[in-house]
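Report on one structure; see the data block that follows.
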Amino acid sequence: GRFGEFGGKYVPETLMKPLEEVEAALNQAMKDPAFKDEYLSLLVNYSGRPTALTYADNITETLGGAKIYLKREDLNHTGAHKINNAIGQILLAKRMGKTKIIAETGAGQHGVATATVAAKFGMECKVFMGEEDIERQALNVFRMKLLGAEVIPATSGTKTLKDATNEAIRYWVQHCEDHFYLIGSAIGPHPYPKMVRDFQKIIGEEAKEQFTAVEGKLPNAVVACVGGGSNAIGMFYDFIKEENVRLIGVEAGGKGLNTALHAAKMAKGTKGVIHGTLTYLLQDENGQITEPYSISAGLDYPGIGPEHSHLSSIGRVEYESVTDDESIEALQLLAKTEGIIPAIESAHALAKAFELAKSMTKEETILICLSGRGDKDVHTLVNLLEGKEEEHEYV
Amino acid sequence: GRFGEFGGKYVPETLMKPLEEVEAALNQAMKDPAFKDEYLSLLVNYSGRPTALTYADNITETLGGAKIYLKREDLNHTGAHKINNAIGQILLAKRMGKTKIIAETGAGQHGVATATVAAKFGMECKVFMGEEDIERQALNVFRMKLLGAEVIPATSGTKTLKDATNEAIRYWVQHCEDHFYLIGSAIGPHPYPKMVRDFQKIIGEEAKEQFTAVEGKLPNAVVACVGGGSNAIGMFYDFIKEENVRLIGVEAGGKGLNTALHAAKMAKGTKGVIHGTLTYLLQDENGQITEPYSISAGLDYPGIGPEHSHLSSIGRVEYESVTDDESIEALQLLAKTEGIIPAIESAHALAKAFELAKSMTKEETILICLSGRGDKDVHTLVNLLEGKEEEHEYV
Amino acid sequence: MFIPFITAGDPHEDATVEIALSLQKQGASILELGVPYSDPLADGPIIQEASKRALSGGMSISKAIKLVSVMRKKGVKIPVILFTYFNPVLQLGLESFFALMRENEIDGVLIPDLPYEESGRIRELAAENEVAYISMVAPTSKERIQKIAADATGFLYCVSSLGVTGVRSTLPVDIGTFLEDVKAAASIPVAVGFGISTSEQVEVLKEHSDGIVIGSAIVNKIGQLEQVLLNKDTRRDGLNQIEEYVASIVSPIQKCEV
Amino acid sequence: MFIPFITAGDPHEDATVEIALSLQKQGASILELGVPYSDPLADGPIIQEASKRALSGGMSISKAIKLVSVMRKKGVKIPVILFTYFNPVLQLGLESFFALMRENEIDGVLIPDLPYEESGRIRELAAENEVAYISMVAPTSKERIQKIAADATGFLYCVSSLGVTGVRSTLPVDIGTFLEDVKAAASIPVAVGFGISTSEQVEVLKEHSDGIVIGSAIVNKIGQLEQVLLNKDTRRDGLNQIEEYVASIVSPIQKCEV
């Protein structure tokens, strides 16, 4: 259950049995062709995979450097890559005979994805969400309810994603008999980071096939944003063995790495344990986990998936960061030149890739994971760009 | 330029030349394989087609009748079928050497689709939108601006879609030299209704192929909602020749056909001319066009595409209506059982199809056009289902 | 020829009749009487507003037609052309429409959203009912001018520039050429309209056309005088102001005709 | 054995020392001293709140360890077990952690989020430093009980029921069987904890275990008395109340030991 020195199961003894059950079921499922068939069939017939690979001709021309391709995870059902994993895990839950689903959510995207698959599989669904996030993301709360899920406010700690995750784990310990915990990113105790990666690696597999079909070669660089890191690990995984392909993960630099307001675990974090896994995280000198900051709710997590920590430590993936402002600028540029409004998360990958593209030749290529659509962020953008009151954001 | 007695070009002499130019260019383009290739390539690589065909197993089981399939136009880039037509028309605009785009929009969906393709093609874009709609749909206005479009308030008449269309036409007359008018539904003077149908018929072509691949036969009924009627004509067109397939268009019954608040042109309208075409429409006894009503902004248009009037008159398509309440109930049912939040427009088709399914056998099948996703309607739903103030809707 | 346009019922039926008389007094050769419409595609804001005023007073196509009888009784003798969008005509029914026109002594009809290709049946009925069907040509009509002119009756209405009705400060530079082309093709008088509001414009256009239509400029004046015209006690004052204004614009036409 | 749990620095360092003395006075056999943590996964709301109070006063893992020296000086003689999540230990560094523990006369350590499989190195270091490493078993541990028990030192901590720490009104029905299974596997004393708050529960559990851990019930009392305990002038009164409360719960244990 490790990626190099990272990962593991740093959990109370009470969680060991449910984790072992998940692991056993997962190992068995992954060997069962019928499981993979059902997973792929749902991805195709329900979520709309394969997602498109879009050549961004205008932005390529504007930047004047490397050719830029976008892997369009924004075109998935519910608008982001999150559904790939949610489908995989709920199939596993069904296989394990579980009838109820638990999930944590920050801004609500994974909560919506989970509520979606729970509805599709007729399972009860409880989504833990920080009390503050519930207020800020009232529309996503409404969506989850519309999909039949119950949204449970996490009132402990900072009342955000970190604490929603704590609450979900606490609830799971007590109700593991009939509940499956559907984690949304490549984080948490083993086997979750591996499982989420395995359910997300289709992104990179598809993109690689599509890219080589169009370009007849591999991309020079693959870029993805990293919060917990599920879209990035999904995008990178099939490219790890391709040694000539540069892999670049982009963290949220927030207001800048020289401030306290960022979510750059690789640049500014240290090794530690969060939510049951050993990885890089943001903490103070006493080992208390600190609250990260990013304009992007999806990157605003104090830890990072342990496999990323490993890939960084062996030098296979480069981790960079991009500030709020740089990401918003990239978002606007993509909207105006390509007619695609990306999620602010994805805009972090774009910003770094655009910068990189300028320094590359026209014969070179960059493949970017456009992890989600920006519709969910329009309130944030209105407030930011038109200077409106934050208090309207809840609607 | 007619569908039976319907259609035509009821426009000022000043518009005849631009219309003839569009028609000539369209006829030429449609014969050019390179044009069709570029259109299809954009649909695949930019918008993510083919869209999925989803078997709605849970709802089928819940209703206990015909098997229900959903054609997932909600999975298109920008969230609805609108982009199919926008891509087709902007390619034509490019071919004609036009550099600027005009469009009308009601709730903003077609405006967003047009702004999107205009951005992708580097064209200037002006979207006419009723002053009242601008206030009610501030987020879509913001989206269009983010995509680089200019939103021009229509201040005449009822300050809604009808008048935005008038204003767009008026502007076009004066600027037809370098402007292309990109109409969003299968309405307007010839060749628009035919052109929009030709750019939307891919919905039905794909669905037919997908459906027969899964079921080995044609569906017993195909159902789509009808406002102007572009998703419906796109869905129906390839099935018109299949005489054993029932085709059902569903209009907005609003508060009920026995009230004045509906948008049921077939049930309650009379023949007349609107926006340059002869078709069924809502008008008073003096031939003044009246304002329609529907909870769904996309069905809230006083006319209907002329081809629908024709298909109704020859009895090939049945037109029914569904009230606000019935559509919302269907929306909630689909969300809870299938994990899909449909647009309120599409929910009208769902409501009628669900009713129909109950009266059919388990061996029979219904194919529904899920024309768009419901994210855009979440504000409306919050207000409706949680009894919030309408004044918050604009955010 | 001076051809003024006003909207029936703007701001009130009675006022419309009296405005018609004033226009006749100021030398109008033909009166274009507009039927107010909810969706006037060919019109700019000024005439849209007039439609709104008239519709809010309950004006309709049949009332507008019947108003001409009243005008006749009150002394309007010049030909009256009904300007109406096609949809109200359709709702009345084509036959009823022409019967009503005849009955109310209307001389012609102009339907701005019924281009040549869609007007076959209407032209037949117009001929049967001895009502002139006024056709329009635009600067972009080009090769269409021939066929339109060939079947035109009454006079041929030339749209001076692209766009909608309304007051414009300048005329297109090639307006002379366009009008001469139309005159060459037409065997009936040629009138020009859309955007004409100053005596300077009239001065230029009278050289190339037999008639000049002035709509928005007059309708705009009527809009400004709405309250004055609605009030019976002040109406005469309003009419005087309209007469004065019209006189100032159309003096070149009248000079020419004198 | 009565094994009370308190959080270091809750509500204040000095108060913690005095509470420890009170607990010793009330017959505590071992003191479990909790290091407050930002993300206490195994704890319920009562201990989370205590962590929050302690952290806001600036408590940290090294301060908590050093506080035991102070306790010793003030007269705490019973063994002290440090209860801490793994992350603060990691930040201190495993070697420094054990050195600090030794230096401050701490007898054992319990790390709730470090299950058997992840604890190899820690157990080695604990042995080297002669610090007991307290292992936990849960009702779901089943076949894991054998291996955990085999390597356990100090005492073996049995989690009475699934879930987090906190006050529960009932005990699981099969708690007796579970504890007997553990006792059979263990060669060291067996203690039970999680959710115990009434003398009735104690009455039942003492039959099946060598020690009973009471945490949330005491911490809850401390929380209620926060202001009283923070104020030097009223602290003694608060301590008296804690002592009374503890006496009422633990009398069955003491009876048993007498």
Side-chain angles (χ1 to χ4, degrees), chain A residues 42 44-55 57-58 61 72 74-79 83 112-113 115-122 138-140 142-143 145-148 210 214 331-332 334-341 373-376 378-379 381-382 385-386 388 392-395, chain B residues 44-55 57-58 61 72 74-79 83 112-113 115-122 138-140 142-143 145-148 210 214 331-332 334-341 373-376 378-379 381-383 385-386 388 392-395:
Chain A
L42 278 158
V44 171
N45 300 315
Y46 184 64
S47 185
R49 299 200 74 89
T51 56
L53 179 75
T54 301
Y55 171 47
D57 51 348
N58 300 322
E61 203 174 306
R72 300 288 303 281
D74 60 312
L75 294 175
N76 271 303
H77 181 48
T78 71
I83 193 84
V112 169
T116 294
V117 296
K120 182 70 183 164
F121 281 81
L139 285 188
N140 271 339
F142 180 80
R143 273 189 189 94
K145 289 182 184 167
L146 201 58
L147 292 160
Q210 292 167 320
V214 178
L331 182 151
Q332 291 176 285
L334 192 75
K336 282 215 166 55
T337 57
E338 297 291 342
I340 299 171
I341 304 177
R373 61 168 127 98
D375 296 58
K376 69 178 182 64
V378 172
H379 285 114
L381 293 167
V382 168
L385 301 174
E386 302 200 336
K388 293 222 177 132
H392 287 308
E393 202 195 347
Y394 84 95
V395 190
Chain B
V44 170
N45 300 314
Y46 184 65
S47 185
R49 299 200 75 89
T51 57
L53 180 74
T54 301
Y55 172 48
D57 51 348
N58 300 321
E61 203 173 307
R72 301 288 302 283
D74 60 312
L75 294 175
N76 271 303
H77 182 46
T78 72
I83 194 84
V112 169
T116 294
V117 296
K120 182 70 183 166
F121 282 80
L139 285 187
N140 271 340
F142 181 80
R143 272 189 190 93
K145 289 181 184 168
L146 201 57
L147 293 160
Q210 291 167 320
V214 179
L331 182 151
Q332 290 176 286
L334 192 76
K336 282 215 165 57
T337 57
E338 297 291 341
I340 300 170
I341 303 176
R373 61 168 126 99
D375 296 58
K376 68 178 182 63
V378 173
H379 285 114
L381 292 168
V382 168
N383 293 337
L385 301 175
E386 302 199 338
K388 292 222 178 133
H392 286 309
E393 202 193 346
Y394 83 97
V395 190

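All chains are named by letter (A, B, ...) in the order of the sequence lines, taking the proteins before the strands, and each is independently numbered beginning at 1. Any value given below was found using the heavy atoms of this structure, including those in side chains, with hydrogens, waters and symmetry copies removed.
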Taking the side chain as C-beta and beyond, is there a heavy-atom pair between [X] and [Y] under 4.5 Å?
X        : Y        : result
B:Arg72  : A:Asn45  : no
B:Lys120 : A:Ile340 : no
B:Asp375 : A:Lys376 : no
B:Leu139 : A:Val378 : yes

Name the option with the most non-hydrogen atom pairs under 4.5 Å to chain A; the candidates are [options].
options                               : value
B:Leu146, B:Asp74, B:Thr51, B:Val214  : B:Leu146
B:Arg143, B:Gln332, B:Gln210          : B:Arg143
B:Thr78, B:Leu147, B:Thr116, B:Leu334 : B:Leu147

Self-check item: NZ on A:Lys145 to CD on B:Glu386, rounded to 0.5 Å
Solution: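 The NZ atom of A:Lys145 is 5.5 Å from CD of B:Glu386, to the nearest 0.5 Å.
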d(A:His77 NE2, B:Thr54 OG1) to nearest 0.5 Å is 8.0 Å
Applying a strict 4.5 Å limit to non-hydrogen atoms, the region of A:Leu75 in contact with chain B is both
- Query: A:Arg373 versus chain B, heavy atoms under 4.5 Å apart: side chain, backbone, both or neither?
  - Reply: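 Contact with chain B is through the side chain of A:Arg373 alone.
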ask   = Between the main-chain N or O of A:Ala52 and the side-chain N or O of B:Tyr46, is there a donor-acceptor pair closer than 3.5 Å?
value = no
Exercise. Among A:Gly122, A:Gly148, A:Ala335, A:Gly374, who wins on heavy-atom pairs under 4.5 Å with chain B?
Worked result: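 Winner by heavy-atom pair count: A:Ala335.
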